[in-house]
K.L.:
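Before anything else, here's the structure in question.
We count residues from 1, following the sequence as given.
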Amino acid sequence: MDPVAVLRAARAVRDELDSLMGGASAELRDRLDPLLAEAGSRPPGQLADAIVMLIAQYGPAWNRLSVLLNLDHGLAAEQVVPVLTDTGPQELGGAGYRSGYDDLPPTGAMSLDWMRPDQVAGPAAPQAPSPQAPSSQAPSSQAPPKQAPPMPPAGSRGSSMLDRLTGAFRRRRGDAPAPASESEWEGIPLIEAPTESVSGWGTEVSIGVAPGRGQDGTAAPREPVELDIQLVAEGFEAPGGWQVRLRVDAASPYPRATVGLVALAQQEPEVARQIQAICSVRGQVVGFGLRSITLHGSPGRLGREEPPEPVAGTRIRPALVGEPADVTVAIVHGDEPGRLWWTYRSPHFLTPDRAELCDLGMRASEFGRQLTGQGHLSEELGRKIGSRVPRGFWELLNAVAGRVAPRRPSVLILSQEPHVPWELAVLEHPYDPSLPRYLNCQTVTGRWPLGGRRPELPPPVSARADHVAVVYDEAQAHPLVTEYGATQVSSALGDVLGVLGQGPDVVHLTAGGSAAEALGRDLAGAPFVFLEEPGDAQAFLLAGASGVVEPLWPVGGGLARDFYRRCFTGEPPAEVLRSMRAQAPDSAGAYRFHGHPSLTLRRTPPPAQ
């Protein structure tokens with residue numbers, strides 16, 4: 001790929017951002033401008049790689065760049081940036097709902113009259129529309145999986161670090177999921193809507209399930225599935241409710257339903273909106289889809305409708321549905337920086353079909369930096385986070401805690417924004433007064449990215465742990481080598497590439513730097529990753545990791561040895577970290593877990609002597 005062509009196309013994309021992404025364009029513009037300013041002072045190839053990897057995180061901008069570079073007719077997206085082209089936006093907005101919660105009911109109270117599924121016959125009744133409809137904007141558009149790229153011809157520009165690492169993992173496990181056989185049912189979220197509408201007009205949206213890649217639409221699930229689909233759409237009302245329940249069975253393997261939306265009045269003559277669908281089964285989120293729509297202020301602006309793009313999102317595979325977390329929260333972007341919308345799922349109660357708004361008043365990235373930049377944990381920090389959590393989350397969590405007691409509730413946070421450490425929110429009414437009041441001490445908490453084809457949903461609940469690799473620059477053997485037979489390598493790129501070719505199940509990095517960053521961006525397998533220094537955990541997950549442990553700020557070592565001892569005997573990493581935080585909140589409290597709260601690491605016992 002010609003770096004000059006990339007820079008030229010990136011400048012064109014930058015000039016078109018407002019029309020491509022509407023109010024969400026500011027985030028990408030703020031990140032893209034400094035890179036474009038480095039033209040002439042930074043090696044062209046390196047700069048082009050950085051620009052492509054950035055733009056690939058924003059669906060509409062990536063689509064436009066692909067057209068300008070003629071990628072659809074030449075170089076495949078995965079050949080440019082194998083992992084990030086499969087993901088949704090990293091940060092288009094922020095979050096926060098400024099509302100105190102000192103007056104919340106005590107533990108176990110049910111102030112919202114939460115209803116258990118067994119108390120209601122059939123699906124939940126539609127909720128009355130809120131005065132302001134839910135919103136979301138997280139542009140993302142994913143191409144279907146493609147084959148691994150061919151080797152570059154002789155004389156072409158040499159492989160970048162990105163290409164070399166990707167090649168190592170492709171050879172080991174393959175770059176993309178294999179197409180499903182026609183006899184094995186899977187689906188992708190279906191969202192059919194016009195590409196443009198007018199403020200005040202009603203719009204019919206068909207939602208449901210469409211056949212997955214490689215399927216002809218005749219396959220059926222092995223067992224019937226009750227699929228709940230909840231819509232989140234900025235700038236719309238849903239008079240009939242935001243959620244439907246569909247039965248997926250042999251008679252109707254790819255069902256659909258129609259939801260009526262009404263576009264709200266707007267000040268701008270034209271604005272880009274997003275319709276997002278969150279799919280769940282028995283309280284567990286199993287799929288996510290997104291489609292864009294343009295709203296005009298008057299009918300006179302109609303007439304430029306173009307063929308709709310494919311729905312971006314995550315495929316639905318009922319075979320992976322397991323035990324859900326006690327509470328699952330899905331957090332999606334609003335159409336302005338600083339706005340997030342929260343929706344909830346639980347196997348214990350029927351949850352509202354309306355999203356709750358939280359508004360930080362600043363970008364989520366800025367808010368997160370203000371919190372983690374302090375470099376230490378405090379209840380003041382936790383209260384600041386907790387005050388931005390929507391009230392409905394606390395009420396549902398209180399109800400669930402009373403329902404599952406004396407067991408600790410589990411919480412899974414599915415979020416399009418990776419910056420705000422919601423896990424550190426302080427509970428005003430802790431379930432166990434003997435423990436620190438942070439959410440991830442009182443509950444078993446995990447986190448997972450939401451928005452693109454990767455990572456897939458739901459998060460895995462089991463991962464192998466037989467082959468351990470540790471990146472460690474000291475001369476003496478790392479404890480993982482002596483105790484578990486780990487392979488130890490230096491952080492030099494060549495050494496890292498060599499051990500990756502062996503297919504490790506666990507990758508432990510004792511230091512940050514270029515090796516860790518490159519590994520995270522190009523990971524195509526599914527190992528469990530442990531970072532001893534702050535790193536880009538989001539990139540590891542988007543690249544296929546089954547789980548990641550990372551500190552939010554530097555805290556020093558000493559945690560890993562006891563962590564692996566307990567995890568390798570069957571304890572879930574989320575629970576191990578929870579108990580460690582409870583015992584040493586000043587140090588272990590900085591570690592955040594990305595993965596399913598029930599994830600366990602499977603290690604084959606050594607043969608008997």
Side-chain angles (χ1 to χ4, degrees), residues 101 104-112 114 116-117 282-285 322-330 342 344-349 351 377 379 382-383 385-386 389-390 392-415 421-448 458-462 547 549 559 562-563 565-567 569-601:
Y101 56 99
L104 281 183
T107 301
M110 299 175 62
S111 64
L112 280 189
W114 297 99
R116 299 199 307 271
R282 299 193 301 274
Q284 180 164 245
V285 175
E323 287 298 320
D326 294 314
V327 174
T328 297
V329 54
W342 291 46
Y344 315 110
R345 297 289 184 278
S346 174
H348 307 291
F349 297 99
T351 53
L377 187 60
E379 286 211 357
R383 284 180 176 273
I385 299 171
V389 175
F393 172 79
W394 296 119
E395 293 176 329
L396 174 59
L397 184 60
N398 283 342
V400 169
R403 172 78 169 157
V404 304
R407 177 175 64 80
R408 302 184 193 281
S410 60
V411 176
L412 175 61
I413 302 171
L414 304 175
S415 180
W422 302 108
E423 305 90 334
L424 300 181
V426 162
L427 278 70
E428 289 299 315
H429 306 284
Y431 311 122
D432 188 341
S434 67
L435 300 178
R437 298 194 295 172
Y438 305 105
L439 178 65
N440 62 6
C441 290
Q442 295 284 322
T443 68
V444 184
T445 307
R447 185 175 184 134
W448 197 252
V461 295
S462 179
V549 174
L559 181 74
D562 193 35
F563 172 83
R565 177 185 61 79
R566 295 174 60 178
C567 289
T569 57
E571 285 191 73
E575 169 58 25
V576 172
L577 287 171
R578 187 210 61 78
S579 65
M580 287 181 167
R581 296 186 198 103
Q583 297 168 8
D586 292 339
S587 56
Y591 281 90
R592 179 162 65 169
F593 173 66
H594 301 259
H596 198 286
S598 300
L599 174 71
T600 57
L601 302 181

K.L.:
Are His348 and Asp326 side-chain neighbours, meaning at least one heavy-atom pair lies under 4.5 Å?
P.N.:
yes
K.L.:
Hey, could you give me each pair passing salt bridge (charged side-chain N to carboxylate O under 4.0 Å, His left out) that has a residue in residues 434-446? Not counting sequence neighbours.
P.N.:
Glu379-Arg437
K.L.:
Do you know the tightest heavy-atom contact between Gly446 and Pro597?
P.N.:
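The answer is N-CG, 3.9 Å.
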K.L.:
Could you report the tightest heavy-atom contact between Thr351 and Tyr344, atom names first, then the distance?
P.N.:
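For Thr351 and Tyr344, the tightest heavy-atom pair comes out as OG1-O, 3.0 Å.
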K.L.:
Would you say Leu377 and Arg581 make side-chain contact, with heavy atoms under 4.5 Å?
P.N.:
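No, every pair of side-chain atoms sits at 4.5 Å or beyond.
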K.L.:
Give me the ring orientation class for Trp342 and Trp422: parallel if the planes are under 30° apart, tilted from 30 to 60°, perpendicular past 60°.
P.N.:
perpendicular
K.L.:
What's the shortest heavy-atom distance between Pro347 and Ala325, and which atoms?
P.N.:
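Pro347 and Ala325 have their closest heavy atoms at CD-O, 3.3 Å.
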K.L.:
So, for Pro460 and His596, which heavy atoms are closest and what is the spacing to 0.1 Å?
P.N.:
O-CB, 3.4 Å
K.L.:
Tell me, please, which residues at least two apart from Ser434 pass side-chain hydrogen bond (donor to acceptor under 3.5 Å, both in side chains).
P.N.:
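Here the qualifying residues are Asp432.
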K.L.:
Begin with the C-alpha distance, continue with both residues' side-chain angles, and end with the deciding distance and a verdict on side-chain contact (heavy atoms from CB on, under 4.5 Å) for Phe393 and Leu439.
P.N.:
CA-CA 12 Å; Phe393 172 79; Leu439 178 65; 4.2 Å; yes
K.L.:
Can you list everything that forms a side-chain hydrogen bond (donor to acceptor under 3.5 Å, both in side chains) with Ser415? Sequence neighbours excluded, please.
P.N.:
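Once residues adjacent in sequence are excluded, Ser415 has no partner under the side-chain hydrogen bond (donor to acceptor under 3.5 Å, both in side chains) criterion.
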K.L.:
So, does Ser346 use its side chain to make a donor-acceptor pair with the main chain of Val327 at under 3.5 Å?
P.N.:
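A pair under 3.5 Å: no.
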K.L.:
Just jot down the side chain to side chain contact (heavy atoms under 4.5 Å, CB included) partners of Pro421, sequence neighbours excluded, or say none.
P.N.:
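Residues passing side chain to side chain contact (heavy atoms under 4.5 Å, CB included) with Pro421: Leu371, Thr372, Ile385, Glu423, Leu424, Leu552, Arg592.
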K.L.:
CD/Gln284 to CG/Leu414 distance, rounded to the nearest 0.5 angstrom?
P.N.:
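Reported to 0.5 Å precision, the distance equals 9.5 Å.
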K.L.:
Ignoring hydrogens, what is the shortest heavy-atom contact between Thr445 and Asn440? Give both atom names and the distance.
P.N.:
OG1-CA, 3.6 Å
K.L.:
Any non-hydrogen side-chain atom of Glu428 less than 4.5 Å from a side-chain atom of Trp394?
P.N.:
no
K.L.:
With sequence neighbours left out, write down each residue that passes side-chain hydrogen bond (donor to acceptor under 3.5 Å, both in side chains) with Gln442, or none if nothing qualifies.
P.N.:
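Scan of Gln442 (side-chain hydrogen bond (donor to acceptor under 3.5 Å, both in side chains), adjacent residues dropped) gives none.
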K.L.:
Do the non-hydrogen side-chain atoms of Glu323 and Val461 ever get within less than 4.5 Å of each other?
P.N.:
no
K.L.:
So, the side chain of Thr600 versus the backbone of Ser462: is there a donor-acceptor pair under 3.5 Å, distance only?
P.N.:
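It does not hold such a pair.
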K.L.:
Quick one: does Pro430's side chain get under 4.5 Å of Leu435's, heavy atoms only?
P.N.:
no
K.L.:
Could you work out, with side chain to side chain contact (heavy atoms under 4.5 Å, CB included) as the rule, every residue matching Glu571, not counting sequence neighbours?
P.N.:
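Partners of Glu571 by the side chain to side chain contact (heavy atoms under 4.5 Å, CB included) criterion, ordered by chain and then number, come out as Arg566, Glu575, Val576.
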K.L.:
Going by heavy atoms in the side chains, are Ser598 and Pro572 under 4.5 Å from each other?
P.N.:
no
K.L.:
Between Gly595 and Leu412, which heavy-atom pair has the shortest distance, and what is it?
P.N.:
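So the minimum-distance heavy-atom pair works out to O-CD1, 3.9 Å.
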K.L.:
Taking atom CE of Met580 and atom CG of Leu559, what is their separation to the nearest 0.5 Å?
P.N.:
4.5 Å
K.L.:
Decide yes or no for Leu577 and Phe563: does some side-chain heavy atom of the first lie under 4.5 Å from some side-chain heavy atom of the second?
P.N.:
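Yes, close enough: below the 4.5 Å cut-off.
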